[in-house]
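To keep things clear, I will list the structure first and then write my remarks on it.
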Amino acid sequence: MADEFRQLLEATLRHLEALKEHGARFVPVSPQTLEALARPPALATSAQPAPQVSTPPMPIAPPPRQPRADTMTTPRPVDPVPSRTATPKAKALSELRERALACTRCPNLVKFRTQVVFGVGNPDAELMFVGEAPGADEDAQGEPFVGRAGQLLTKIIETMGLSRDRVYIGNILKCRPDMPASEPGNRKPTPEEMQTCIPWLLDQIEIIRPKVMVALGATAMEGLLGGKPAISHLRGRWHEFKGIPLMPTFHPSYVLRGNDIHKKRQVWEDMLQVMEKLGRPISAKQRNYFLKGGS
Ligand code: SF4
C-alpha cells in the first residue's frame, strides 16, 4: 500500500509540475482534500475513501503577497492567470524577473522597498506601457499601476478593447523611491536611479519586442530618451525607442488631478493613434469618447 501511495504521490506531483509548466497557477481542491493532505502519510494510506476534488482553487505557485490594509484598493487579481502555453519569451522574461527580484544595485532603495516591482502582463504583448516607478500601493502589492492611477490605466486599456493581461506594463525604476518616514506620498526617481535601473527595462523590451510602446508621463520619457521634456509638447506625436514606435501621453495620475475632460480627450486621442498603429478596429463610439455628444 505504501508503494502505491508513493507512486500516486509522484504521479500527482508530475501532473502538477506539468500544469505549472503550462502556465496554470491554480487547481481546484476541496477542503476535505486539504485536510487529508495535511495528515501524516500513514493515515493518508488507510482505507478511507479518497477525498472529493472540487472548488475552491488551491494555488500551485506561492500565493501573491497580500496588500496592506491601509493601501488596499478595489479587489482585483494580483497576477492574471495565463491561459496559454509558456512561450520562449515567457521563459526568458521569467528568468530575467528572478534576477531582478534579487537586485541590490541601489542600497537606499533596497532598504526602503517591500519588494522589487518587476512588471506585469503578456510576454508576447504587442503593446507595452512604461511608467516611472512604483508608488506605495505598487510596492505593497508587487505590481505596477495598481493604485488609483492604475485603475484609470486599466480603464483606458479596456476602453481600447484590450485587457491588462494582453498588454505589458513596466516601469523605468523597479523599486519605490525612498521617502523620509515623516513624509507621505511618493517621489520622482532621480536621473541616477533611473540610469542604474534602466538595464532591466531594456532587457524586458528586448525580450518582448512590442509593436508599439506608450510612455506614461514626462519622467518615463526622460528615462527612455533623456533630457527634461515637457510632456505637453511631446504627447500626441510619434517618437521612436530602439526602433519601436513610442507614443508619449500624460501620466494617469496627472489626468486624475482636476478631472479635466480636455486632458482625458488628449490621452484618448493618443490611444486612438496607438490603436491605429496596431491595426485595431475603432468604432464610431470609441472615436467620440470625451467629445461633446460622445461617452
Ligand atoms: S531600483 Fe532597479 S537597480 Fe535599483 S535596486 Fe531596485 S531593481 Fe535594482
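In what follows, every heavy atom counts, from backbone to side chain, and hydrogens, waters and symmetry copies are set aside. This structure is a prediction, so every number in the text was calculated from the model and none was measured. Indexing begins at 1, ligand by ligand and atom by atom, following the structure's order.
- If you number the atoms of ligand 1 from 1 as listed, the ones under 4.0 Å from a heavy atom of Arg113 come out as 5 (S), 6 (Fe).
- Partners of Pro191 by side chain to side chain contact (heavy atoms under 4.5 Å, CB included), not counting sequence neighbours, listed by chain and number: Glu222, Lys228.
- Around atom 2 (Fe) of ligand 1, the protein contributes the following N, O or S atoms under 2.8 Å, ordered by chain and number: Cys197 SG.
- Listed by chain and residue number, nothing satisfies the side-chain hydrogen bond (donor to acceptor under 3.5 Å, both in side chains) test with Lys263 (two or more places apart in sequence, or in another chain).
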Inset, instruction - Tell me, with the steps shown, if Lys174 and Gln115 meet side-chain hydrogen bond (donor to acceptor under 3.5 Å, both in side chains). - result: CA-CA 9 Å; Lys174 309 293 185 214; Gln115 57 198 308; over 6 Å; no
Inset, instruction - Step by step, work out the salt bridge (charged side-chain N to carboxylate O under 4.0 Å, His left out) result for Lys188 and Glu193. - result: CA-CA 10 Å; Lys188 183 184 153 177; Glu193 286 168 344; over 6 Å; no
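- With salt bridges taken as basic N to acidic carboxylate O contacts below 4.0 Å, none links Lys91 and Glu95.
- The side-chain hydrogen bond (donor to acceptor under 3.5 Å, both in side chains) check on Ser232 picks up nothing, with sequence neighbours excluded.
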